[in-house]
Every structure is written in structure tokens, then in C-alpha cells.
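What follows is a short report on a single structure.
Just so you know, these numbers use all the heavy atoms, side chains as well, and skip hydrogens, waters and symmetry mates.
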Amino acid sequence: MNQSSLPETIRVLPVVVIRNPEDTIPTLQALEEGGIPAAEITFRTPCAAEAIRLGVRHFPGMYIGAGTVINAAQAQQALEAGAAFLVSPGLSAEVAEIARQAGVLYLPGCATPTEIMQAIGLGITTVKFFPANVYGGLAAIKALSAPFPQVRFLPTGGVDFDNLREFLDCGCIAAVGGSFMMKGDIRQNCRRILEVLK
């Protein structure tokens, strides 16, 4: 199934860094039990593909994809491991093409009008806005949404419990990403997010 946007049920996309494969199951279990059945497992560590494979096998009901995908090789690895979506810190035409051929969602990092126009040219209408806090946060997203009404944003970087509601109340934001719920008690953090989402 070709996906051009995040599932409507996903409003918060946890950015998950797995340093040891054995941490995969307890980490994803904590997210699922906390009520956020999604994870962007980043390619910042050598075991990312293995972690995705484990997650997909043990948590079939979770929306699990790959983050920090910066080249074609990583994109192929992620898809072979079963990733349901790909996320990049920037825009990669080769990763976009691999995702298109595989029929999976690709969320490239776009922070400027030029990058957003390139994404639209590739048929992409949901983009990651990263690092959101550095590039002007919600004010910047609102300004960018004016010339690009067809685009929805996934702000990541600088989103936390304090501004989560404010971001999600903006109509041009599909969801927010971040690792703020991964610090401390993951289950409790997820439940706190669900309270905000009510």
C-alpha cells in the first residue's frame, strides 16, 4: 500500500535510538503499553536494522519505521528489515525513489521553501521540519504553510511536554516527532502525552 502521509491515529512519533539489540523489545513494549504504538528507530547506531527487524517481528501492531536514513544503502537495509516508513534529517532524491518503488511513506527533512518545493516535485506532501527549535519553531511552520497549503509538517527537535499541545493544535501539522518521551519512565511519559492529546 502506497502511503503519502502518516496514519491519522499517529500524532506523536517517538524517535528511538537502540544501542544494543536486546534493548529493542523492552523499549518498544514500554511505548506500546504506554499507549503510543509507533517508533522511528534511527540509523545512528550499527544495530538499527536488527532492531527494526526485531520490532516488526515482536510488535506486529506497532507502526515501526527507520529514522536518520541518509542514503540508498540504509533505505534498502531498513526496508529489508520491514520498516513501514523512512525518515531523513534532510531531503534525498535517491531515498525518495526507493520509498516510492517500495510503496512506503518517506518523510524528508525540509526547512526551507526550496527544499519543500523539491519534495513536492518528488510527490511528497508530508515533510519533517528539523531541527524545529533552531529553524523558528511553530512561527516558521505557519509562515511556510501559507505558500504550501498542500504540505503537512512533522516538527522534530525542541518539541516537548510544554509545547506539544500548541504544535498539534496547528492544522498544518500532521504529527510531532521527538525523543522527549524516551527520557526516564517511558510508559509514564506516554500516558502524560495521551493526557495532553485528550
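Inter-residue side-chain proximity for Ile124 and Gln118 is flagged as unmet; no heavy-atom pair is nearer than 4.5 Å. Residues Thr27 and Met182 have side chains in contact (heavy-atom distance under 4.5 Å, counting atoms from C-beta outward). Within the 4.5 Å cutoff, side-chain heavy atoms of Glu94 are placed close to those of Asn71. In this structure the side chain of Val17 reaches within 4.5 angstrom of the side chain of Arg19, judged on heavy atoms. Between Val16 and Ser179 the shortest side-chain heavy-atom distance does not fall below 4.5 Å. In this structure the side chain of Val87 never reaches within 4.5 angstrom of the side chain of Thr68, judged on heavy atoms. Thr125 places none of its side-chain heavy atoms less than 4.5 Å from the side chain of Ser5. With contacts defined as side-chain heavy-atom distances shorter than 4.5 Å, the pair Ile173/Leu138 qualifies.
Contact check on Arg165 versus Asp169 returns a salt bridge, with a Lys/Arg side-chain nitrogen under 4.0 Å from an Asp/Glu carboxylate oxygen.
Between the side chain of Asp185 and the backbone N or O of Arg187, at least one donor-acceptor pair lies under 3.5 Å. Formation of a donor-acceptor pair under 3.5 Å by the Glu115 side chain with backbone atoms of Ala111 is found in this model. At least one donor-acceptor pair closer than 3.5 Å links the side chain of Ser92 to the backbone N or O of Val95. The main-chain N or O of Gly67 is never found under 3.5 Å from a side-chain atom of Thr42 such that the two would form a donor-acceptor pair. Distance alone, capped at 3.5 Å, places no donor-acceptor pair between the Asp23 side chain and the Ala51 backbone.
For the atom pair CD1 (Ile10) and CG (Leu13), the distance works out to 7.0 Å, reported to the nearest 0.5 Å. Between the CD1 atom of Ile18 and the CZ atom of Phe43 there is a distance of 12.5 Å, given to the nearest 0.5 Å. Distance check, rounded to the nearest 0.5 Å: CZ of Arg11 to CG of Leu154 gives 10.5 Å. In this structure, the separation between SG on Cys110 and CD1 on Ile120 is 9.0 Å, given to the nearest 0.5 Å. Rounded to the nearest 0.5 Å, atoms NZ (Lys142) and SG (Cys170) are 5.5 Å apart. Separation of atoms CG (Asn133) and CG (Asp160) is listed at 9.5 Å; rounding is to 0.5 Å.
Below 30°, between 30° and 60°, or above 60°: for Tyr63 and Phe85 the angle between ring planes is below 30°, a parallel geometry.
Under 3.5 Å, the side chains of Glu80 and Gln76 contain no donor-acceptor pair of N or O atoms. No side-chain donor from either of Thr126 and Tyr106 sits under 3.5 Å from a side-chain acceptor of the other.
Relative to the six-membered ring of Phe161, Arg192 meets both conditions, a distance below 6.0 Å and an angle of at most 45° to the axis.
Cluster membership check: Ile70 does not share its hydrophobic cluster with Leu107, using side-chain heavy-atom separations under 4.5 Å among Ile, Leu, Val, Met, Phe, Trp and Tyr. When the side chains of ILVMFWY residues are joined at heavy-atom separations under 4.5 Å, either directly or via intervening members, Val15 and Ile141 end up in two distinct hydrophobic clusters. Val56 and Leu54 are not part of a single hydrophobic cluster, where members link through side-chain heavy atoms under 4.5 Å apart. Connection of Val134 to Phe153 is not established within any shared hydrophobic cluster, with ILVMFWY side chains joined at heavy-atom distances below 4.5 Å, either directly or through further cluster members.
Scanning all heavy atoms of the two residues, the minimum distance from Ala75 to Leu86 falls at CB-CD1, 4.0 Å. Smallest separation of non-hydrogen atoms from Phe180 and Val159: CD2-O, 3.1 Å. Annotation for Ile52 and Ala83: closest pair CG2-N, 3.8 Å, computed over non-hydrogen atoms. Minimum interatomic distance between Met62 and Ala38 (heavy atoms only, all atoms of both residues): CE-N, 3.5 Å. Closest approach of Lys183 to Asn189, counting heavy atoms only: O-ND2, 2.6 Å. Pairing each heavy atom of Ala102 with each of Leu79, the nearest pair is CB-CD1, 3.7 Å.
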**Report entry** Working for side-chain contact (heavy atoms from CB on, under 4.5 Å), residues Leu31 and Met181
**Finding:** CA-CA 9 Å; Leu31 285 169; Met181 77 294 293; 4.3 Å; yes
Requested in this report: Check step by step if side-chain contact (heavy atoms from CB on, under 4.5 Å) holds for Ile64 and Leu28.
Outcome: CA-CA 9 Å; Ile64 298 172; Leu28 296 182; 3.9 Å; yes
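Within the structure, the salt bridge (Lys or Arg N to Asp or Glu O under 4.0 Å) test picks out no pair touching residues 45-65 (sequence neighbours left out).
Residue Glu8 qualifies as open at atom CD: its count of foreign heavy atoms under 6.0 Å is 12 or below.
Aromatic pair Tyr135/Phe130: centroids not less than 6.0 angstrom apart.
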